[in-house]
Structure formats: C-alpha cells, structure tokens
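What follows is a set of notes on a single structure, which appears directly below.
All values below were derived from every heavy atom in this structure, side-chain atoms included, with hydrogens, water molecules and symmetry-related copies excluded. All values derive from a computational prediction rather than experimental measurement.
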2 protein chains.
Amino acid sequence: MAATRRLGLESSSSRTALMDGVEAVMREDGYAALTARSVAERAGLKHQLVYYYFQTMDDLLMATYQRHIARVEQQIEDAFRQPRPLHAFWEVCSNPHDARLNMEFMAMANHNDAIRAETITFGERLRRIGLDRVTALIEATPAGREMFSAFAVTQALAAIGSNVGIETTLGIHGGHEETRAMVAWWLDKLEPA
Amino acid sequence: MAATRRLGLESSSSRTALMDGVEAVMREDGYAALTARSVAERAGLKHQLVYYYFQTMDDLLMATYQRHIARVEQQIEDAFRQPRPLHAFWEVCSNPHDARLNMEFMAMANHNDAIRAETITFGERLRRIGLDRVTALIEATPAGREMFSAFAVTQALAAIGSNVGIETTLGIHGGHEETRAMVAWWLDKLEPA
DNA sequence: GTCTATAATCAGATAGAC
DNA sequence: GTCTATCTGATTATAGAC
C-alpha cells in the first residue's frame, strides 16, 4: 500500500538513528517489540518520522538488516585476511553482541518472506568467503586432512560460536570454558602459532 | 492483574488444544504472531476461551513452554539410554522440527523474564543428563581422550545440530551433507558400531 | 464450558500545518 | 524535516448471558 509518499534522504542522520533504534530494540526487547513508536523513542524522535524516511515498517527493518549483513560480511572478510584466519573467524562468530542480534534476525526470517530471502542468499554467499584459504590450511596439517571439508569446519565453528554467544547473553555460563578450550585446542592444531 | 478468575480444569481437551495452537503458531509464523485470537483460531476455538483456561496470555505461553521442555528432556534422557548414546543425542539435536521451536523459545527468553529463568535452569539441568555415560565413552577411546571434556563434546553436538536444523527449516541446505558427514565420522570414532 | 458484547489500549499509516 | 491530529483496525482482558 501507499507506494507513493515522499521520502527523506538516505544521508539523513535521523534515518540512521532510526536504524540504530531498530537494532537497540531488537537487542534489548526482541524483534516482537519493534513498533514505529518503540523505535522512534529509542532514537529520540517522534514515531511519525518513521513514515517520512520509510514507506512501511517492513522497509525500515529490511534497510536495517541489509546494513547489518554488510557489516557482518565485512568482519568475516577481514577475519579471513588475518595471519590465523580460523582463529579470527572464531572471534567474530562467538561475539555475544552480534550473536543476539543474529538470532533475532534469524527468528524474524522465519515469518518474514523478504528477510528470509535475504538471509538465504546471504547464508550461501558467506560459505564461499575465504573458503580457498581455509581449504589450503586444512590440507596443510595432518589433523586437517582427517577432518573433512573446509565447509564443515567453518560451519561447525559458526554454530558453536553463535550458540556460546547466545547462551552468554541469556545468562547461561556453565560449560563454556570447556567448550572454548576444546575449540582453541582444535584451532591451534589447524593453525599453529 | 486479575489474579482471581475462575479457571477451567487442566485435564480439559480445549486447554491442551490451546497449547498445541501456541506451538503451531510459533512454528509457522513465529512467536511475535502469538495472540489470543491466532492461537484459538488454530485450535478451532473462540479467543475468549484462552481467558477461561489461563489467567493471562503469558500464563498460556509458560504452560506450553514447560510442556515442551519436559518433552525435550525426556527425549534426551531416552537418547542417553540407547546403545550408542551420542549418536542418539545427535539425532535429537539435529531434528529440524524441534530446532525451529527451540529457537523461537530462545528468542522469547531474551525479553520474557519468566521464560528466561525457566530456560536457564533447564539449560543447566540438561548439561548433567547422561554426562557420566558420555564421560565413560570419551575416556574409552583414543580420539575421545584427546578431545577434552564430555561437556564440550555434547555442547558442540547440540550447537551444530540446532544450527543445521534451523538452516534446514529456513531453506538453506548448502554444506549440510559435509557437516553431517564430519559429525558422523566423529561419532563413529567415539562410538564404534 | 462456551458464547456475545464491550472497554481500554495500542498498532500502522496518513493528512496537513508549520 | 518535524510535528499535531486523526483514522482504522487489532489487541488484551472482563462481564455476564446461556
């Protein structure tokens, strides 16, 4: 509906503040708490401004998601350029601050068609980042050759990292030291100092 | 509010139907779509019945969560009684049907204090189920002794399993065969046929 | 146990003044 | 660019008839 309303400029600081507000609300209260009013309040603006900068609430969410995705992709690309790429990749994946937001977007993707489509193409794209470097690493060590594909190793790291990150934000801490120790042991085997 | 309304019996089939409705809505449309109307419609009942069987919507959600938790706990206890407990545990954890619901409850836990408290105690309790059996298994094989604690191994299995399950329901399939192959290879090393 | 009717509140979205 | 005022519809929850 209403595809023909004038919109504010993309360079506006209020527009950016609204997207920051979306992320803040999602982190603190979850995606279900996202309303034009809650987002604008977090940004220190009136809720009607949402409809000056975006056609619909969904448009605001999508813009925020695309900004978030671009940032995560950049972080992962940077990680794979480090001297020990898997160590750096693990740091990115196990970061609790992003784990929380990632989970909220994942949950949103389950019932928002546009967000899901974006998530799927992003997921497929992510798998290919730095894959050649990881493959070379894995082929270079005896432990690595035993452990199957670079795909599987990076997926396992991402899964364990996000799980530890999510549990940390929830307030579950038991067993994390042991899990982190196991991951560190494997990483050191694949990427000796 | 309203702590003094008469309530229907716990044995009522309508009460059960409402809890089934909660799970159906969460799976299909996410927890944000949970309203007295959406739940009752899924159950084939009028929305006012929610308030005959539960004091508030939150009470209905908590009752449904506790029923879900009890079921998962039972599944995991059963798994650890199988001949190859880690193989069975992996099957439970990587089941897409439950992965989806688990993630929705996890996301809910982030902004619902009662659900979060329940999640934390449940998470800590889960870690102790079958831990003695896994510890014995791990100590019994050379690969196991190398790989640190039973805690870490079960947490890694749970993390990878739920991640694969969630991605499957989202429609992301790339790389899963390789990940499943890697897990199967490890499981066979720890629990030979 | 189930329904009709209703109260109070909050949501997304728009029109138009300044 | 930002605000006041407003419309429409959905939400939780209650009272009370049957």
Side-chain angles (χ1 to χ4, degrees), chain A residues 1-22 24-26 28-65 104 108 111-115, chain B residues 1-22 24-26 28-65 104 108 111-115:
Chain A
M1 11 238 124
T4 50
R5 205 179 338 110
R6 72 196 168 123
L7 288 187
L9 296 175
E10 288 205 15
S11 57
S12 160
S13 68
S14 289
R15 203 187 116 106
T16 303
L18 288 171
M19 292 195 285
D20 293 342
V22 168
V25 170
M26 285 177 81
E28 290 163 39
D29 304 318
Y31 77 86
L34 287 171
T35 66
R37 286 162 173 87
S38 69
V39 167
E41 187 184 7
R42 204 73 54 131
L45 301 168
K46 300 284 175 176
H47 67 273
Q48 294 91 335
L49 275 191
V50 167
Y51 301 98
Y52 174 65
Y53 286 104
F54 302 91
Q55 295 286 2
T56 63
M57 268 299 285
D58 272 355
D59 285 353
L60 166 57
L61 299 186
M62 179 55 82
T64 308
Y65 188 45
E104 291 292 338
M108 243 177 81
H111 61 95
N112 180 319
D113 293 341
I115 298 280
Chain B
M1 9 232 123
T4 50
R5 203 174 344 107
R6 72 195 169 121
L7 288 186
L9 296 175
E10 288 206 15
S11 57
S12 159
S13 67
S14 289
R15 203 186 115 106
T16 304
L18 288 170
M19 293 195 284
D20 293 342
V22 168
V25 170
M26 286 177 81
E28 290 163 36
D29 303 319
Y31 76 86
L34 286 172
T35 66
R37 281 164 171 84
S38 67
V39 168
E41 189 183 8
R42 205 72 53 133
L45 300 169
K46 300 283 176 176
H47 66 273
Q48 294 92 335
L49 276 191
V50 167
Y51 301 98
Y52 175 65
Y53 286 104
F54 302 92
Q55 294 286 2
T56 63
M57 268 298 286
D58 271 355
D59 285 351
L60 166 56
L61 299 186
M62 179 56 84
T64 308
Y65 188 45
E104 291 292 336
M108 242 176 82
H111 61 96
N112 181 317
D113 292 341
I115 298 280

Atom [atom1] of [X] to atom [atom2] of [N]: distance rounded to whole Å?
X: A:Leu61; N: C:dA13; atom1: CG; atom2: C1'; result: 15 Å
X: B:Phe54; N: C:dG1; atom1: CZ; atom2: C1'; result: 14 Å
X: B:Asp58; N: D:dA13; atom1: CG; atom2: C1'; result: 13 Å
X: A:Leu49; N: C:dA13; atom1: CG; atom2: C1'; result: 14 Å
X: B:Leu18; N: C:dT2; atom1: CG; atom2: C1'; result: 12 Å
X: B:Leu60; N: D:dA13; atom1: CG; atom2: P; result: 11 Å
X: B:Leu45; N: C:dG1; atom1: CG; atom2: P; result: 12 Å
X: A:Lys46; N: C:dG12; atom1: NZ; atom2: P; result: 17 Å

Return the minimal non-hydrogen interatomic distance between [X] and [Y], and the atom names on each side.
X: A:Tyr53; Y: A:Leu18; result: CD1-CD1, 4.1 Å
X: B:Met26; Y: B:Leu34; result: CG-CD1, 3.7 Å
X: A:Leu9; Y: A:Arg15; result: O-CD, 3.6 Å
X: B:Glu104; Y: A:Tyr31; result: OE1-OH, 3.7 Å

Practice task
Would you tell me if any nitrogen or oxygen in the side chain of B:Ser14 comes within less than 4.0 Å of OP1 or OP2 on C:dG1?
Solution key: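 B:Ser14 to C:dG1 OP1/OP2: no side-chain N or O under 4.0 Å.
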
Practice task
Respond yes when some side-chain nitrogen or oxygen of A:Tyr53 is under 4.0 Å from OP1 or OP2 of D:dT2, and no when none is.
Solution key: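 For A:Tyr53, the contact criterion (side-chain N or O under 4.0 Å from OP1 or OP2 of D:dT2) is met.
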
Practice task
Nearest-nucleotide wise, let me know which of A:Tyr52 and B:Tyr51 is further upstream toward the 5' end of DNA chain D.
Solution key: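 In this pair, the answer is A:Tyr52.
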
Exercise for the section: Give a yes or no answer on whether the side chain of B:Ser38 reaches the backbone of B:Ala33 with a donor-acceptor pair at less than 3.5 Å. Expected result: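 Side chain of B:Ser38 to backbone of B:Ala33: a pair is present.
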
Practice task
Using side-chain contact (heavy atoms from CB on, under 4.5 Å) as the criterion, point out the one residue from A:Leu60, A:Asp20, A:Leu61 that pairs with A:Val39.
Solution key: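 Looking at A:Leu60, A:Asp20, A:Leu61, the match for A:Val39 under the side-chain contact (heavy atoms from CB on, under 4.5 Å) is A:Leu60.
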
Handout entry: Strand contacts (DNA chain C) in residues 31-40 of chain A, 4.0 angstrom heavy-atom criterion
Key =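 Residues of residues 31-40 of chain A under 4.0 Å from DNA chain C: A:Leu34, A:Thr35, A:Ala36, A:Arg37.
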
Practice task
Would you mind reporting whether B:Tyr52 and B:Lys46 have side-chain heavy atoms less than 4.5 Å apart?
Solution key: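 Side chain of B:Lys46 against side chain of B:Tyr52, heavy atoms only: no contact under 4.5 Å found.
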
Exercise for the section: Could you pick out which residue, B:His47 or B:Ser12, lies toward the 5' side of DNA chain C when each is mapped onto its nearest nucleotide? Expected result: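 The residue whose closest nucleotide sits nearer the 5' end is B:Ser12.
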
Practice task
Between C:dT4, D:dA13, D:dC3, spot the one nearest the side chain of A:Gln48, thanks.
Solution key: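 Per side-chain heavy atoms of A:Gln48, the pick is D:dC3.
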
